[in-house]
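Beneath this line is the structure, given in structure tokens, with notes to follow.
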Protein chains: 2
Amino acid sequence: MEKRQKIILKEAIANYIQSAEPVGSKLLVEKLNFSVSSATVRNELKTLETLGFLKQVYTSSGRIPTDEGYRWYVDFLEESDTLSPVSAVNTQLEIIAVQKVKTTLNHVAKVMSSLMDYTAIVLTPDIYKMALKVVHMVLLDLNKVLVVLLNNLGDNQEFVFNLRQRMSQDELNKVSQIITAKMEGMPFFESSDLVLRHLVNEFPNYASVFEVLNQEVERLSSFHETRESINVHGVSKMIQLPEFKNVEMTKNVLTELEENRFLTELISSHICREDGRVVIGKEFNNEKLEECSLVISPVKSRGVQAGAIGVLGPKRMKYSYVIPLVKQISDQVQHYISDRDDG
Amino acid sequence: MEKRQKIILKEAIANYIQSAEPVGSKLLVEKLNFSVSSATVRNELKTLETLGFLKQVYTSSGRIPTDEGYRWYVDFLEESDTLSPVSAVNTQLEIIAVQKVKTTLNHVAKVMSSLMDYTAIVLTPDIYKMALKVVHMVLLDLNKVLVVLLNNLGDNQEFVFNLRQRMSQDELNKVSQIITAKMEGMPFFESSDLVLRHLVNEFPNYASVFEVLNQEVERLSSFHETRESINVHGVSKMIQLPEFKNVEMTKNVLTELEENRFLTELISSHICREDGRVVIGKEFNNEKLEECSLVISPVKSRGVQAGAIGVLGPKRMKYSYVIPLVKQISDQVQHYISDRDDG
DNA sequence: TATTAGCACTCTACAACGAACAGTGCTAAT
DNA sequence: ATTAGCACTGTTCGTTGTAGAGTGCTAATA
């Protein structure tokens, strides 16, 4: 591809992203102050169309980018270092360091969605997969016990259950120690059934606690899908964009955002690899999201995947703004989350 | 209003609710197996129109209900005991009693939204307003402290903060006792600033803890709006209804659902009074929601307002199904939530 | 050989028009 | 009080026509 073609393609896509209107040769010669006529540009556009980067909505309409065109544009952006600066986001990001990871991520997503017209997405960590560091059990009431699970993210989950028989805090401490010793480094919610059953036999004194605890954990596990799900912010702004005039499409996208099984898995799988942080149109392999693009960035804590934040918008997304924004914010969140263990 | 008029009005509204099409005299004589002609029904319809219960979309179209018509219909439904039975909901509502109130309410809303094509709304309790029952502080790590606040709902909130200096669990217990003694019955998050400042002077030994704690509580308070907000489930199904063909209107409703300041206040104010659990169209006093109706029911725990669940849908809502459903579910949730203290 | 001007051509968007139709209001008869 | 009949009204939907944007091609030009 020649240099002039690249310039034209870039300008064409950038223009379409801004206007949502098919771009024609005339407009392009105006925008680029080229010393060529519209006819020349037309020829180049035709070449770019045969190359598969642009397409016409109908015979002799202006051109709009194909998915491949967007892909080229995005890769081009990432290559060049001339990313538009994302300034003064920090002031809005006064993240409360002691907040839990989940809350923090959601807060950040809310802030992020306020910075643009797209939907911010957070994938909160799957707590059922996180490795246990230590268990604390606290007697709250006569028979009410608070279980605190510290995990390898430096984060913690809690839940409450009711004892069948009275126990002292000392006894609970012992039980906590036993569980911690057995399960450190293991995913608590996933392994607890096996381990707790075993402990019932091993420590008949505390059999009752282990049994009840196991019961409650099992019950909690039925909430699994709830806890693993993604959260979204800023849908209302997004659906005001012209591409969402089409009700059918809007419906499709909202359905995926709400059911979120597909997106959850997609994000989970995508953030593992370093490349491909942008998903465009057909790359979703999902008809309902074919008109959308997704920019996603993982958030790690202590080297462990702690979730992800991202942006879902129309394919005609302001990539040059969103990509660095998401990157910067995720870096910052990561920084904050990691910090909170020392402070 | 005569008996026949009532029957016609009820049937007309019920029909419109089902079909979303203006109902004409011909259809009504078919539906009701009256021994009268369509002309007679037409006359009655005209009367009902002058009474303000029905209106025409245009000259000589069929009739659709006015807001007043819906209001009459709803009040009529509540009066008569012939509410359609809501069956077999229980099986879907295996509420985990030990879950926190907030999680429970959200879970229930999710289930509820699966039972219909409208949006389920939960108003979770404003934890900043809840009265404190007892404070527990647990040393998690060397300098990490978990604070557990039990409140008057039988529910609890937790947060973690970092100590500036090392403290033993015994010391923390003492601090917890001091705070509990001072603040029992008070809204913790609202009053803590004043009280903690005072405690800094009163117990110079622990001044540092009180100071740090106060700092953290203050920080947490900036999340206030986040915590008070409503949650919604099932938007995607709702926007597939014919009334949401209009993009402008869909946008408006989604905006209100997302910004949710208005709805939060509306629900808060409405659930205080025993009457008026149904809000119809203009009764919202909000243009954006003029095409919607809301059925809402409070959820109490220990006699204290613990939140609310409700349903937002088009004015053409299946009131005869939704009203008893919401009522039944909220009763049940209330039951579960209250139970969990004894079990 | 690369570029350009010019022109015919294609397709859309949009408004205007008309027919089909559903449902009414009115009147006169029962 | 009810009804049959009919004229009337306004919607909906498909058609048609026009204006306009933008292209592709060709022949001329540097």
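Proteins get letters first, then strands, A, B, ... in listed order; numbering begins at 1 in each. Here the structure is a predicted model, which means the values were calculated and not measured.
Between the side chain of A:Arg277 and the main chain of A:Pro298, no donor-acceptor pair closer than 3.5 Å is present. Judged purely by atom type and a 3.5 angstrom limit, B:Tyr118 uses its side chain to pair as donor or acceptor with the backbone of B:Lys318. Looking only at distances, no side-chain donor or acceptor of A:Tyr321 sits under 3.5 Å from a matching main-chain atom of A:Met317. Between the side chain of A:Arg316 and the backbone N or O of A:Pro65, no donor-acceptor pair lies under 3.5 Å.
A salt bridge links B:Arg71 and B:Asp75; the closest N-O separation between the charged side-chain nitrogens and carboxylate oxygens is under 4.0 Å.
Within residues 12-28 of chain B, the residues having any heavy atom under 4.0 Å from DNA chain C are, by residue number, B:Gly24, B:Ser25. Contacts between residues 46-62 of chain B and DNA chain D, defined by a heavy-atom separation below 4.0 Å, involve B:Tyr58, B:Thr59, B:Ser60, listed by number.
Sorted by first and then second residue, the salt bridge (charged side-chain N to carboxylate O under 4.0 Å, His left out) pairs involving residues 19-46 of chain A (not counting sequence neighbours) are A:Arg4-A:Glu44. Annotation: salt bridge (charged side-chain N to carboxylate O under 4.0 Å, His left out) contacts involving residues 47-60 of chain B, sequence neighbours excluded, comprise B:Glu49-B:Arg63.
Judged by closest nucleotide on DNA chain D, B:Ala39 is the one of A:Ala39 and B:Ala39 placed further toward the 5' end. Looking at which nucleotide of DNA chain D each of A:Arg63 and B:Ser37 is closest to, the 5′-most match is held by B:Ser37.
The footprint of chain B on DNA chain C, defined by a heavy-atom cutoff below 4.0 Å, extends from C:dG23 to C:dC26.
For B:Lys251, the NZ atom is densely surrounded, since the number of other residues' heavy atoms within 6.0 Å is greater than 12. Within 6.0 Å of NZ on A:Lys288 lie more than 12 heavy atoms contributed by other residues, nucleotides or ligands.
In this structure, A:Phe53 and A:Trp72 have tilted ring planes: the angle between them lies in the 30° to 60° band. By the 30° and 60° cut-offs, the orientation of the rings of B:Tyr70 relative to B:Tyr16 is tilted.
Atom CZ in B:Arg42 sits about 11 Å away from atom P in D:dT3, given to the nearest Å. Going from atom CG of A:Leu45 over to atom C1' of D:dA21 covers 14 Å, rounded to whole Å.
Using a 4.5 Å cut-off on side-chain heavy atoms (C-beta onward), B:Leu294 and B:Ile121 make contact. A 4.5 Å side-chain heavy-atom check between B:Leu123 and B:Ser268 finds at least one atom pair inside the cut-off.
Phosphate proximity of D:dA1 to B:Arg4: absent, as no side-chain N or O sits under 4.0 Å from OP1 or OP2.
Inter-axis angle, ends of the helix from C:dT1-D:dA30 to C:dT30-D:dA1, five pairs per end, rounded to 10 degrees: 20°.
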